Amino acid sequence: MSVKPSSRNRKLYVSTHGCQMNVHDSERMVDVLGQSGFDLASNREEADFILINTCHIREKAAEKVYSELGRYKPLKRARPDLLIGVAGCVAQAEGAEIFRRQPLVDIVVGPQSYHRLPGMVEKAASGEKQLDTEFPEEDKFDHLPGVSGRVRRNFSSFLTVQEGCDKFCSFCVVPYTRGAESSRPVASVLADARNLADDGVVEITLLGQNVNAYHGIGPDGSEWSLARLIRVVAELDGIERIRFTTSHPRDMSDDLIAAFGDTDKLMPYLHLPVQSGSDRVLRAMNRRHTSAYYRNVIERTRKARPDIAISGDFIVGFPGETESDFRQTLRLCDEIVYAQAYSFKYSARPGTPAAERDQVDEAEKSDRLARLQEVLSSQQREFQRSQIDRVLPVLLEKRGRLDGQLTGRSPYMNSVHVQAGDMLLGRIVPARILKSEPNSLAGEIVLGHEAIARGGNLPNVSLSDPVRHEGVTGVA
Ligand code: 5AD
Ligand code: SF4
């Protein structure tokens, strides 16, 4: 990513931890600081301002920030004018405590206040420590620059449409660090999406902590659902693929499920965290759904889009979870069959209700995590193997690890690498899957070599129906 050159030429280094929302927020902080005269530094050593965008979701993630800050001590000692900032969810949760634990920090800024960064930097440069973790009345989305413009995006880009969460799962810090659920108006989402398309973006992932609770105000004054928003984004020229993350089972409306069947550009991949397969644990987690409810959502989504790949999140060792509860989680996995999944040991987070309860023994948590991950990894391997010999439309996003290789993603989010020249970057090409590797698939483009060498007239293939994809082999 590059930012506008400036006469002042100060250098910014951003280190990002955590989720996709943080990756996206970091880009926006680069935008806002770019407008006040910062260029991106290529390494920490040449930076005038090092900004760490932090994650508070589990203890390990939160502690990472202090070990990273410790590593900056020699830099700060050598150059006392170097500014160091902590942004993101640790900033929001710990506030001024960060200055106490690590005095080299100059700026602590929560996720609602990034638009105020330029002013904070000027004050910090004159030696005044800066803290801003307010949840302002005004909408921060109104103050951040548009996502497009100067900054050259990838062919696949995130677009934040919703932030915060009102669900209050008893283990989770998000409602505290990211605040109440709020949705951007449809018009400003569409303006950003159009700008991204003009910039050459082909795939948009609509982002939100609870994205399917989206209820932004539409041009007609009524509240629009995520499904309605997706259908309108799908009409934009240049946007060929749409995804959304992360969702809550309770907000999987009939309309959103139907969109998987009727909106070709909506990719057949759903990340739907469940956390546990035990109703007793789900109740203690305040998830507001049962395991049967979750199964039913998945069943209906599969009916709408039979080839959909399902991904999930799991927590093991939640306070009170017994061996029998845990076995119900394993059983749920066997029933759902995940294409991909993320699993974590429960981590007690200060200020959340579950942190006060009787904790499961650490060794027991580790044992359950290993058993769950064995099941999930074998399902993931099996899903990847099931792709072999299929011809899939792959959006080629960047150069691969080896010379002459490009890598991209299949509709099901698998990373696929093929032999191809740079002229195919940003194109959706039909690729036959040859081999499943630990974290990716190896494929070959199924067009004639001549067409690839010409690089031209390669149509973006139709994206929805896998049967139709197989038919694309003849194109060119
Ligand atoms: N401990 C462990 N995992 C957690 N997650 C959220 N909070 C915690 C916690 N306190 C996991 C959930 C969530 C994912 C983003 O992180 O599985 O879906
Ligand atoms: Fe956290 Fe997700 Fe629950 Fe919201 S729905 S509280 S973000 S786990």
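Every number for a ligand or one of its atoms is a count from 1 in the order of the listing. All heavy atoms count here, side chains included; hydrogens, waters and symmetry mates do not. The first residue in the sequence is number 1, and the count goes up from there. The structure displayed is predicted, hence computed values, not measured ones.
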Heavy-atom side-chain contact between [X] and [Y] under 4.5 Å:
X    : Y    : value
E181 : H215 : yes
R381 : Q384 : no
V297 : Y294 : no

Report, in ascending order of atom number, the atoms of ligand 1 lying under 4.0 Å from any heavy atom of [X].
X    : answer
Q275 : 12 (C), 13 (C), 17 (O), 18 (O)
R349 : 10 (N)
K345 : 1 (N), 2 (C)

**Request:** Using distance alone, determine whether F344 and ligand 1 share an N or O pair under 3.5 Å.
**Result:** no
**Asked** Judged by modelled atom types alone, do Q112 and E134 share a side-chain donor-acceptor pair under 3.5 Å?
**Response** no
**Asked** Do E59 and S347 get their side chains close enough for a donor-acceptor pair, meaning under 3.5 Å?
**Response**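 There is no such pair between these side chains.
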**Request:** Would you please indicate if the ring centroids of Y13 and Y72 are separated by under 6.0 Å?
**Result:**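 When the ring centroids of Y13 and Y72 are compared, they turn out to be at least 6.0 Å apart.
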**Message:** Is it the case that the ring center of F244 lies less than 6.0 angstrom away from the ring center of F260?
**Reply:** yes
**Asked** At distances under 2.8 Å, what protein N, O or S atoms surround atom 1 (Fe) of ligand 2?
**Response** C172 SG
